[in-house]
Amino acid sequence: MDASQTDLTPGEIIGHVDCHSAYVSMHRVFEPKLIGKPVCVLSSNDGAVVSRSDEAKRLGVKISQPAFELRDLVDRHGLILRSSNFPLYDCCSNRVMKAISECVPEMAVHSVDEAWVRLSGMRGNLEEIGRQIQASVLKKTGIPTGVGISRNKTTAKLCNWASKKWKVKTGSVVALIERERFEKLLDYAPASEVWGIGARLTEHLSALNITTAGQLSRADPTFIRKHLGVTVERTVHELNWRQCFGFGEAPGPRKTLASTRSFGRRIRDLHSLEVAICFHSAKLCLKLRKQGSLASAVRVFINTSVFATIDARQNKSAGAVFIRPTSDTREFTEAAILLLRGIYRDGFDWAKAGIIVTETVSETGYIRDIFAPPERPKSAQLMKTIDTINRLGGPGTVRFGREPANRQLGVKHEFPSPKATTSWGEIINVK
DNA sequence: TCTGGGGTCCTAGGACCC
DNA sequence: TCTGGGGTCCTAGGACCC
């Protein structure tokens, strides 16, 4: 019965801030000539669109559209493409988050381009506070944002949706903290725009004659829980002005970690897959050490393309448990290679490979298995030394023999942008 | 020819135990 | 002809997010 909702804390005010066309805006900061032009950022391997400017949207470009369909727009309408540049986004994201946090008493990062802010108890007009956040982030980082302010996360996000829908009229800030005004928005907004309602749930809801956020808010929570699960029930409660999703202070270390990649071309031999697995292994062990975790369980997978014909399609995976959890690249790689050899089959066009650490434990304070083999001597010192060299000299400065020399793993990257934040040679020049 | 990567939470179902 | 029931743990898969 209980969906762990609580009645609204009196005076609770939650805001949601996100960057407009995040990746495109971040490229524009360092390449101002892109401002006002139709621009798309592509996924790794230049596969599909992950971010597009308003101008590109007006040309009809869709999120997730495959890049090869864009050629005509590039030739005839001047559409500009950029390959993704994750170090750049990390750097910009940190600056945006810092700028937001300087405006509010409490902030929680939600994703690379979104943050929650708690405005409860702040004095003054809420819409005005939203505009101040927006102006401050723009001034300090050059990134435009939208702000939605309401009573809980779900309603704040819906307000932010409205701020984009009526960008000009609202100046991309919408604050609705009275229920009556919010209900008008509920009846206008499609159910698919509610946070937590994706494509599949939209279909299910539609079959139940629920197509607007307002209809969803009036659905029977017990019925919803029975048919669509407890998460959607919580969403219904939140639309009804209750609070089910906590503000979410700083999250702990990640429980699962993954490193996966599609290859730029198909792979048909075990050796090439081993090279890729060694690359992922080194990357994951670095991630583990950075967050102070050890891997206690791991899974390796190899897949053919999802677009391959049925009989040419294979998804293979195998997992293992570490009796003594580890973040030592040598041990981890050995285990991963053994798993890979167990699942590899000749005669298929492998398109993607990866490793998922399915279970982690804290470096300090986990209980040792008395039958576990002893740790390799000086493991921690060796890993620390490697990490220090690679931090100073750049990723891949020192690596194990089986790791690939080319850290791109043959991925396509045809439309690079200046490495303005990571390379002295390409730093931006202000005249 | 060419269609991302990295997370989260929840649930169903099988294995196993007593 | 009869053929338990309930708990826990694990895994796979579904659904979501950005």
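The figures that follow rest on heavy atoms only: side chains count, while hydrogens, waters and symmetry mates do not. To find a chain, count down the sequence lines: A is the first, B the second, and so on, and within it residues start at 1.
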Distances for protein N or O near nucleotides 10-17 of chain B N or O, under 3.5 Å:
unit_1 : atom_1 : unit_2 : atom_2 : d
B/dC10 : OP1    : A/R234 : NH1    : 3.0

Exercise. Which part of the nucleic acid, if any, lies within contact of A/R265, taking any heavy atom under 4.0 Å across all strands shown: a base, the sugar-phosphate backbone alone, or nothing?
Worked result: nothing
For this session: Quote, to the nearest angstrom, the P distance that separates C/dT3 from B/dC17.
Result: 24 Å
Exercise. Can you tell me how far P of B/dG6 sits from NZ of A/K290, to the nearest Å?
Worked result: 14 Å
For this session: Could you check whether A/A199 gets within reach of a base, just the sugar-phosphate, or nothing at all, counting any heavy atom under 4.0 Å?
Result: sugar-phosphate
Exercise. Is A/K153 salt-bridged to A/E12, going by a charged N under 4.0 Å from an acidic O?
Worked result: no
For this session: Could you state the atom-to-atom distance from CZ of A/F301 to P of B/dG4 in whole Å?
Result: 12 Å
Problem set entry | Heavy atoms from other residues, nucleotides or ligands near CG of A/L138 exceed 12 (cutoff 6.0 Å) | yes
Exercise. How close or far is atom C1' of B/dC9 from atom NZ of A/K153, stated in whole angstroms?
Worked result: 14 Å
Exercise. Quick one: which of B/dT8, B/dG5, B/dG7 gets closest to the side chain of A/R261?
Worked result: B/dG5
Exercise. When the distance from NE2 of A/H110 to C1' of B/dC9 is rounded to whole Å, what number comes out?
Worked result: 13 Å
Exercise. Rounded to the nearest 0.5 Å, what separation is found between the CG atom of A/L70 and the NE2 atom of A/H77?
Worked result: 12.5 Å
For this session: Using atom CG of A/N303 as one end and atom C1' of B/dG4 as the other, report the distance to the nearest whole Å.
Result: 13 Å
For this session: Could you list the residues that satisfy side chain to side chain donor-acceptor pair (under 3.5 Å) with A/S150, not counting sequence neighbours?
Result: A/T155
For this session: Name the nucleic acid region contacted by A/L42, choosing base, sugar-phosphate or nothing; use a 4.0 angstrom heavy-atom cut-off, strictly under.
Result: nothing
Please table the atom pairs, donor to acceptor, closer than 3.5 Å between any side-chain atom in residues 182-189 of chain A and protein atoms at least two apart or in another chain.
unit_1 : atom_1 : unit_2 : atom_2 : d
A/E183 : OE2    : A/R179 : NE     : 3.2
A/D187 : OD1    : A/R218 : NH1    : 3.4
A/D187 : OD1    : A/R218 : NH2    : 3.2

Exercise. Taking the six-membered ring for Trp, are the ring centroids of A/Y23 and A/H27 within less than 6.0 Å of each other?
Worked result: no
Exercise. Looking at B/dG6, B/dT8, B/dG4, which one has an atom nearest to any side-chain atom of A/T260?
Worked result: B/dG6
For this session: To the nearest Å, give me how far apart CD (A/E359) and C1' (B/dC9) are.
Result: 16 Å
For this session: Could you tell me whether A/E359 and A/K255 make a salt bridge, using a distance below 4.0 angstrom between a side-chain N and a carboxylate O?
Result: no
Exercise. If you look at every strand shown and take non-hydrogen atoms under 4.0 Å, does A/D113 touch a base, only sugar-phosphate, or nothing?
Worked result: sugar-phosphate
Problem set entry | Note: A/E238-A/R151 ion pair, threshold 4.0 Å (strictly below) | no
Exercise. If pairs are Watson-Crick or G-U with both distances under 3.5 Å, what is the dot-bracket string of DNA chain B, marking crossing pairs with [ ] and pairs to another strand with |?
Worked result: ....||||||||||||||
Seminar exercise, completed: From CG of A/N85 across to P of B/dG5 the rounded distance in Å is 16 Å
Problem set entry | Residues which pass side chain to side chain donor-acceptor pair (under 3.5 Å) with A/W195, listed by chain and number, not counting sequence neighbours | none
For this session: Flag the pair A/D387 and A/K290 as a salt bridge only when some basic side-chain nitrogen lies within less than 4.0 angstrom of an acidic carboxylate oxygen.
Result: no
Problem set entry | Short N-O contact, A/R289 and A/E363, less than 4.0 angstrom | no
Atom pairs, N/O to N/O, protein against nucleotides 1-3 of chain B, distance under 3.5 Å?
unit_1 : atom_1 : unit_2 : atom_2 : d
B/dC2  : OP1    : A/R266 : NH2    : 3.4

Exercise. Which is true for A/L257 with a 4.0 Å heavy-atom rule: it touches a base, it touches only sugar-phosphate, or it touches nothing?
Worked result: sugar-phosphate
For this session: Could you tell me whether A/K287 contacts a base, only the sugar-phosphate backbone, or nothing, with contacts defined as non-hydrogen atoms closer than 4.0 Å?
Result: sugar-phosphate
Problem set entry | Lys/Arg-Asp/Glu bridge criterion (N-O < 4.0 Å) met for A/E193, A/K165 | no
